[in-house]
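Structure, as structure tokens:
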Amino acid sequence: DLKLWRKWLVGSVIFGIGVVLLLLPWVVRNYFLTGQIVFEQSTQTTWAIQRYSQNPNEAPAYLPGESETEYQVRLKQMTFDFMLKNPTYVAGFLAAHFLNNTYSTLLVLPVRGQILDVNDALQITRKFWSGLGEGLTAKQGMLLGINLLLVGLGIAVSWKRWKCIGLVPLAANAAYSLSNAVARNSGWRYMLPLDWVGYFYYMIGLLEAFLWILIFLGFPT
């Protein structure tokens, strides 16, 4: 209704003012140093732009007499031209990185049939993804399937009980994975900020399955 929309509008305006106040000192400082309104360090901009090329690990060289501003403008134009000329290639690496981040998030869930080192319960002694990049065994594939069922159950229960609010973590994870895909990053440390989403829905699904078992066995719930 109108009151709800008004609350959303007021909240959005307050959030926007907060973002401006947060970034303003940074932008003003950059302006005094460079004489231009600069939001990000030029090397970071170059790194991001060069990702949209056939050779993402090598930045184009400066042209003779080219200023830094002209260089940045040229790189941005090269990026747009590359996207228009290679839509299939761009869509391919976007989908690949998005799916890789999603798959890597699922691998934080248990897919091992035995405990390799009890010291892992006290401190990190090995990377949890060690060996998983070489492919899953039949047992690990089965465990991954069970994990998917529990995560799916957790998502369904969240939707049934909390509607859109219950899907906020899922939407946040998808948006974060997509933002990484746009930068041609995925997996490993890039999934850590939101890998808890997998645990979250997994535990909801696990608890719901446990509740079903109690009901089946005749225990009061």
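Numbers here are sequence positions counted from 1. These values consider heavy atoms only, across backbone and side chains, with no hydrogens, waters or symmetry-generated copies. Since this is a predicted model, take the numbers as computed values, not measurements.
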- Item | Same apolar cluster: Tyr31 and Val28, side chain cutoff 4.5 Å | no

Could you pull out every donor-acceptor pair under 3.5 Å between side chains of residues 77-84 and any protein atom, sequence neighbours left out?
unit_1	atom_1	unit_2	atom_2	d
Gln77	NE2	Asp81	OD1	3.0
Thr79	OG1	Leu75	O	2.9

- Are Ile155 and Val108 connected in the hydrophobic side-chain network, where two residues link if heavy atoms are under 4.5 Å apart? yes

- Message: Quick check with a 6.0 Å cut-off and a 45 degree axis cone: is Lys7 positioned over the face of Trp5's six-membered ring?
- Response: no

For residues 10-25, dump all side-chain donor-acceptor pairs below 3.5 Å to protein atoms at least two apart in sequence or in another chain.
unit_1	atom_1	unit_2	atom_2	d
Ser12	OG	Trp8	O	2.8

- Do any pairs count as a salt bridge (Lys or Arg N to Asp or Glu O under 4.0 Å) and have a residue in residues 85-100, sequence neighbours left out, and if so which ones? none

- All side-chain hydrogen bond (donor to acceptor under 3.5 Å, both in side chains) counterparts of Glu208, not counting sequence neighbours: Arg161, Trp212

- Message: Would a single hydrophobic cluster contain both Leu167 and Met203, if residues Ile, Leu, Val, Met, Phe, Trp and Tyr are joined by side-chain heavy-atom contacts under 4.5 Å?
- Response: yes

- Task: Supply the atom-to-atom distance Asp195 CG to Leu106 CG, rounded to the nearest 0.5 angstrom.
- Result: 11.5 Å

- Co-members of Leu207 in a cluster of I, L, V, M, F, W and Y side chains, linked at under 4.5 Å: none

- Message: My understanding is that only residues two or more places apart in sequence, or in another chain, count here; which of them pass side-chain hydrogen bond (donor to acceptor under 3.5 Å, both in side chains) with Tyr52?
- Response: none

- Could I get the full list of side-chain hydrogen bond (donor to acceptor under 3.5 Å, both in side chains) partners for Arg74, not counting sequence neighbours? Glu66

- Set of salt bridge (Lys or Arg N to Asp or Glu O under 4.0 Å) partners for Glu70, sequence neighbours left out: none

- Query: Same hydrophobic cluster for Leu109 and Val157, using side-chain heavy-atom links shorter than 4.5 Å among ILVMFWY?
  - Reply: yes

- Report whether Trp159 and Ile204 are members of the same hydrophobic cluster (ILVMFWY, side-chain heavy atoms less than 4.5 Å apart, transitive linking). yes

Which atom pairs, donor and acceptor, lie under 3.5 Å between side-chain atoms of residues 168-187 and protein residues at least two apart or in another chain?
unit_1	atom_1	unit_2	atom_2	d
Asn173	ND2	Leu194	O	3.1
Tyr176	OH	Asn180	ND2	3.4
Tyr176	OH	Tyr190	O	2.5
Ser177	OG	Asn101	ND2	3.0
Ser177	OG	Asn173	O	3.0
Ser179	OG	Tyr176	O	2.6
Asn180	ND2	Tyr176	O	3.3
Asn180	ND2	Tyr190	O	3.4
Arg184	NH1	Arg51	O	2.6
Arg184	NH1	Ser53	O	3.3
Arg184	NH2	Tyr89	OH	3.1
Asn185	OD1	Arg51	NH1	3.2
Ser186	OG	His97	ND1	2.8
Ser186	OG	Asn100	ND2	2.8

For residues 143-153, please give each side-chain donor-acceptor pair under 3.5 Å, one per line with the distance, not counting sequence neighbours.
unit_1	atom_1	unit_2	atom_2	d
Asn147	ND2	Pro110	O	2.8
Asn147	ND2	Leu143	O	3.3

- Search all heavy atoms of Tyr201 against all heavy atoms of Ser158 and return the closest pair with its distance. CE2-OG, 3.4 Å

